[in-house]
Amino acid sequence: MQRIGVFVCHCGTNIAATVDVKAVAEALGHEAGVVISQDYQYMCSESGQDLVKNAIKEHNLTGVVVCSCSPRMHENTFRKAAASAGLNPYLVEIANIREQCSWIHKDIASATDKAIVLGKAAVAKVHLNAPLTAGESPVVKRALVIGGGIAGIQTALDIAEAGFEVDIVEKEPTIGGKMAQIDKTFPTLDCAACILTPKMVEAAQNEKITIHSFSEVADVKGFVGNFTVTIKKKARFVDETKCTGCGLCTEKCPMKKVPNEFNMGLDNRTAVYIPFAQAVPKVATIDPNYCLMLKNGKCGVCSKVCTAGAIDYKQTDKMIEQKYGAIVVATGFNPIKPDKYDEFAYSYCPDVVTSLELERLMNAAGPNGGTLLRPSDKTHPHTIVFVQCVGSRCDDEKGKPYCSKICCMYTAKHAMLIREKYPDTEVYVFYIDVRTPGKNFDEFYRRAVEQYNVHYIKGMVGKVTPKADGKIDVQASDLLANEQLHINADMVVLATAIEPDKTARPLATMLTTQMDTNDFFTEAHPKLRPVESATAGIFLSGACQGPKDIPETVAQASAAAAKAIGLLCKNSITCNPCVAHSDELMCNGCSACEKVCPYGAITYQDKEFRMPDRSTAIRRVASVNPAVCQGCGACTVACPSGAMDLNGFSNSQIMAEVDAICK
Amino acid sequence: MQVNENFEPVIVAFCCNWCSYAGADLSGTNRLNYPSNVKIIRVPCSCRVNPMFILRAFQKGADGVILCGCHPGDCHYTSGNYFTRRRITLLYSMLDFLGIERNRTRLEWVSAAEGAKFAAVMNQFVEDVKKLGPNRRLEDLRCRKQ
């Protein structure tokens, strides 16, 4: 006979305000098998948990139902409490009467009725719960970091510091990411390269870190502690082990008209190239789309001048397979292309640039050697207009609904740097709001306004029109003065929204992690687990999770590293015991389950069975490897004989819930 | 058909643990209302839902059953929701064959980020089932509440 305890939580007033918790406890107390039914203000608190523990001991309970918040929140809390009182933790069920009842219903009577039904369903289920024991599986002591920007580099350095092997996979020929393209950083105005490149070198020199540049993740299999990842090393047609990075090939390459991605296409590079002087690894890469030898089979200049003999035109993509215990995603962001905004004339006026393009134009290693010149005629601009929120905080299809967070600050930085270097240049900034939360951020913005006399104007730019004389007419409204403005500008800079990298979506599918509607990775809990994904063993670092500036990215990168280290420190992890199992007496060995199993957890064995007539027969039956099974339950439905069932979510348990709800 | 204003349908919702159940939680966190007729059963994956469970619900007196899972391609278990989609397609054709309104059963993809969608889907489904009226064809009268 079952002895079930029901515990109804008030959650302060979160539940108690719309659900009559006393009535729920009273009603559930009359259910079959329930021996104690109590309510308490905060069941998850120390004293609430003690209430549960004492009841388990006192009434010798065989099952516990907690009517409280979502099981995603506190299922583990109550399972641990039960375990400490000597009850198998899998004999605890949660009825979600907060997120799925009190918070969404306003009428007390109907919310109370629903809470009772949800409680009854949980009681019906717990009647059929079986004690489960979690197995253990070993942890591979190696981490994979996907993305080699500042987030990936910081995470890798921290994990390596703790003594674990780390691999960085970077899709570009060099690590460094977006930060390598930036000139100065706010709010300190220190040089980005000066603080980034030592980190890049540190990562390259660290014995524990392996950098796979110009590589992509091709496939991910396995689960927490034991991922098998296939990395595709794209052919760069240069032997990484031989290339010394001398750069002679890049000087001699005759194909000099390739748009330079690193400088946002503002100048050209050669077909064989090293993205920038401080690239790590400093190895040349041949662009097969432009290389004359690879395209036409005629040239070979680079291989002739290379003294190291590193050029290899026959190189092909290589696949590497490696096992990892933890994976950190650091795929970062990209600014959107403002092509869709015809009003800003970006697609046809070269003097309308994005902020990242301006960053390159002002960079000492950029196309103009650090002198700010108009891209069209290489003259010095005297009036520059900055447009904020291009594509950010936008409710139409063209843009993004969120605030890109970093634009207000980098625009203040740009404005300040321009006014500092070229005091004869007038700078206008059109904004919706100036958002400067952050240490020393508002002081920085005020310096731009007060000390550097940057003209901040609240209002949006309506139309940007290039004129025949090379100037640009910027038509805008000043909302505070309530007037229309025309500014005769030399350059227009668009603070474009940032979006997750395009590789993030297919990667999320491979990793079976969740993304939000904007393709940012979703964290396991928005407040309490901000650097973990909901998929165990996958951690999030940097702007792949949401727009972030550099200090926030570094902070999150170290946090993700700490979480990954926590996992890698363990020799084994407890597995989910809610896995499938097969009833061998019912199984007829048809292979239906094996075909639907995404993990290959089901194998077949020949087993000897005693038949009713006492003879023995050998039959082929399915067996599930509990360490590999992840408990999706696909096989349970595929099984025609009903031999497959899922621990914790058995056929009879779900049917019991259905019955309780429909009664 | 005449709509009975007082008809309160019983709706069983199966939600996968990773997307739709989290989406339901999110609609709660955001205080987005939907009718209390909807009662959610948590399953690890939408592919855990045997079409038999759906028929069982109708037999026991449910007026509508809705099954929610991750969007195609986003399944936590890689491929579970594809199985669900096929199975529900088959179930629909069986319901059609038996002459039972297929609109009482619905399959929806709701991600963990789509709290608003979850509430909207539930509001719509309850409204649609109300228009269909009580489930009489599949209900087993022996199971009816006294």
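In what follows, chains carry the letters A, B, and so on, assigned in the order in which the sequence lines appear, proteins first and then strands, with residues in each chain numbered from 1.
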With chain B, which of [options] has the greatest number of heavy-atom pairs at distances under 4.5 Å?
options	value
A:L511, A:D113, A:L646, A:N14	A:L646
A:A122, A:A121, A:G648, A:G633	A:G633
A:V117, A:T522, A:T513	A:V117
A:N651, A:V637, A:T512	A:V637
A:M515, A:M510, A:E75, A:K125	A:E75
A:D659, A:V658, A:N96, A:D516	A:D659

Would you mind checking which part of [X] comes under 4.5 Å of any heavy atom in chain A, side chain (CB onward), backbone (N, CA, C, O), both or neither?
X	value
B:Y21	both
B:C16	neither
B:I40	both
B:N30	neither
B:A119	neither
B:R42	both
B:F83	side chain

Nearest atoms (heavy-atom pairs only) where [X] meets [Y]:
X	Y	value
A:K120	A:E31	CE-OE2, 3.2 Å
B:E114	B:W109	OE1-O, 3.9 Å
A:G631	A:C629	N-SG, 3.3 Å
A:F227	A:G537	CE1-O, 3.8 Å

Could you tell me if the side chain of [Y] sits less than 4.5 Å from the side chain of [X], heavy atoms only?
X	Y	answer
B:D25	A:R72	yes
A:V21	A:I15	yes
B:C15	B:V43	no
B:C70	B:Y77	no

Which region of [X], side chain (C-beta onward) or backbone (N, CA, C, O), has a non-hydrogen atom less than 4.5 Å from a non-hydrogen atom of chain B, or is it both or neither?
X	value
A:R505	side chain
A:L118	side chain
A:V596	both
A:Q514	side chain
A:T509	both
A:A638	both
A:A634	both

Who in residues 47-56 of chain B is close to chain A, using a strict under-4.5 Å heavy-atom cut-off?
-> B:C47, B:R48, B:V49, B:N50, B:P51, B:F53, B:R56
Counting N and O atoms only, with roles assigned by atom type, does the side chain of [X] sit under 3.5 Å from a partner on the main chain of [Y], one being a donor and the other an acceptor?
X	Y	value
A:T77	A:C44	no
B:Y92	B:T105	yes
A:H581	A:N647	no
B:N135	B:A62	yes

With a 4.0 Å cut-off, would you call B:D128 and B:R106 a salt bridge?
-> yes
So does A:R529 pair up with A:E532, basic N to acidic O under 4.0 Å?
->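 Between A:E532 and A:R529 there is a salt bridge, with a charged N closer than 4.0 Å to a carboxylate O.
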Please work out whether the ring planes of B:W18 and B:H76 are parallel, tilted or perpendicular, with thresholds of 30° and 60°.
->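 Taking B:H76 first and then B:W18, their aromatic rings lie parallel (interplane angle under 30°).
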